Enquirer: 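One structure is given below, represented as structure tokens, and several questions about it will come after.
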2 protein chains.
Amino acid sequence: MEACNQDEHHSPQSVVAEPSVQQLERTAALFKALGDPARLALLYRLRQGERCVGDLVGDDKLSTVSARLQTLLNANLVTRRRDARHLYYQLADQHVVELFENAIAHANEKTLIQGD
Amino acid sequence: MEACNQDEHHSPQSVVAEPSVQQLERTAALFKALGDPARLALLYRLRQGERCVGDLVGDDKLSTVSARLQTLLNANLVTRRRDARHLYYQLADQHVVELFENAIAHANEKTLIQGD
DNA sequence: ACGACATTACATCGAATATTGGAATGTTGA
DNA sequence: TCAACATTCCAATATTCGATGTAATGTCGT
């Protein structure tokens with residue numbers, strides 16, 4: 001069995017320094033939260049500014065949207081503040097937008113061949 | 001009910017131009033594939049160069065690792081080439097590394113408070 | 001073509017996750 | 001404090017996902 005070591009370049013560029021198990025888990029959790037079209041759509045709408053839950057309810061149930069926002073909140077992708085009876089959600093930071101756009105770019109790039 | 005439009009800044013910066021449903025789905029699929037510690041660990045190991053499946057089997061079953069690689073392949077995160085009986089997997093592009101590192105950075109940044 | 005080996009494909013099962021209705025919580029204005 | 005409203009919490013159900021054993025595929029050397 002074992003017999004195909006390649007070991008090409010020991011690139012010391014782009015150093016992340018051995019991600020720990022915890023780091024991997026956190027990062028995976030972050031990606032997992034991003035891994036749903038409905039949640040991505042929410043994030044996208046939040047790019048235009050903060051919104052309260054009621055504003056974000058489309059055809060979905062309120063509790064559904066609330067749960068999605070909760071997921072994004074747990075992943076630190078959004079923050080929220082209360083104003084009167086409303087809870088306003090907002091993107092956590094510009095970082096998120098970048099991740100988002102990078103991913104869309106990558107996703108498009110890699111699927112050009114297969115036509116849209 | 002409906003009554004809390006905010007509409008802050010119509011930021012024309014960072015333009016992704018209305019992601020279509022398909023784009024959202026693809027992007028979500030990409031993130032979903034990244035949303036697992038074991039798969040991230042595989043990607044991390046592939047940063048050092050291409051590896052065949054046998055080399056990547058740790059304590060896990062071969063079929064398990066193969067399935068993970070398949071998931072990454074479907075998401076266009078890795079490519080593979082055949083050499084004799086071995087299939088060598090490789091990161092699809094530098095894009096992937098960037099996404100990965102951005103995410104780790106974000107994940108760390110956002111959890112500093114809670115101690116490691 | 002045959003036997004050995006590397007890897008994938010399929011089917012299954014248990015675990016994790018999403019959706020949703022309804023009850024509970026918190027906030028406001030009177 | 002009470003009524004109305006915005007949102008979350010909880011529990012049940014439905015769906016999706018990951019790990020894995022086994023069968024199948026593909027490749028090599030002879």
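Here the structure is a predicted model, which means the values were calculated and not measured. In the text below, chain A, chain B and the rest are named by the order of the sequence lines, each starting its count at 1.
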Enquirer: Using a cut-off of strictly less than 4.0 Å, decide whether Arg80(A) has a side-chain nitrogen or oxygen near OP1 or OP2 of dT8(D).
Expert: yes

Enquirer: Is the phosphate of dT8(D) approached by Ser66(A) (side-chain N or O, under 4.0 Å from OP1 or OP2)?
Expert: yes

Enquirer: Measure CD/Gln70(A) against P/dT17(C) and give the value in whole Å, please.
Expert: 14 Å

Enquirer: Measure the distance from CG on Leu87(A) to P on dT25(C) and round it to the nearest whole Å.
Expert: 17 Å

Enquirer: Treating Arg47(A) as the side-chain partner and Gly49(A) as the backbone partner, does any N or O pair qualify as donor plus acceptor under 3.5 Å?
Expert: no

Enquirer: Report the residue (Val65(A) or Lys32(A)) whose heavy-atom-nearest nucleotide on DNA chain C is the more 5′ of the two.
Expert: Lys32(A)

Enquirer: With side chains defined as the heavy atoms from C-beta onward, is the minimum distance between Lys32(A) and Thr71(A) less than 4.5 Å?
Expert: no

Enquirer: Whole Å only: how far is the CG atom of Leu62(A) from the P atom of dA18(C)?
Expert: 17 Å

Enquirer: CG of Leu69(A) versus C1' of dT7(D): gap in Å, rounded?
Expert: 10 Å

Enquirer: In sequence, state the C-alpha distance, the side-chain angles, and the governing distance for His86(B) and Asp55(B), and then conclude on side-chain contact (heavy atoms from CB on, under 4.5 Å).
Expert: CA-CA 10 Å; His86(B) 298 285; Asp55(B) 278 346; over 6 Å; no

Enquirer: Would the distance check show the side chain of Asp93(B) and the main-chain N or O of Val96(B) forming a donor-acceptor pair, the cut-off being under 3.5 Å?
Expert: yes

Enquirer: How close or far is atom P of dT8(C) from atom CG of Leu56(B), stated in whole angstroms?
Expert: 10 Å

Enquirer: Hey, are the side chains of Leu43(B) and Arg39(B) touching, using non-hydrogen atoms and a 4.5 Å cut-off?
Expert: no

Enquirer: Give the rounded distance in Å between these two atoms: OH of Tyr88(A) and C1' of dT27(C).
Expert: 13 Å

Enquirer: Tell me the closest heavy-atom pair linking Leu30(B) and Ala103(A), and the distance in Å.
Expert: CD2-O, 3.8 Å

Enquirer: Calculate the interatomic distance between Asp83(A) atom CG and dC5(D) atom P; express it in whole Å.
Expert: 18 Å

Enquirer: Quick one: what's the B/S/- string for nucleotides 21-26 of chain D, heavy-atom cutoff under 4.0 Å, read 5' to 3'?
Expert: BB---S

Enquirer: Do Gln23(B) side-chain atoms and Ser20(B) backbone N/O form a donor-acceptor pair below 3.5 Å?
Expert: yes

Enquirer: Whole angstrom is fine here: how far is it from CZ in Arg39(B) over to C1' in dG18(D)?
Expert: 8 Å

Enquirer: For dT7(C), take OP1 and OP2 only and decide whether either is under 4.0 Å from a side-chain N or O of His86(B).
Expert: yes

Enquirer: Is any side-chain N or O of Tyr89(A) closer than 4.0 Å to OP1 or OP2 of dT8(D)?
Expert: yes

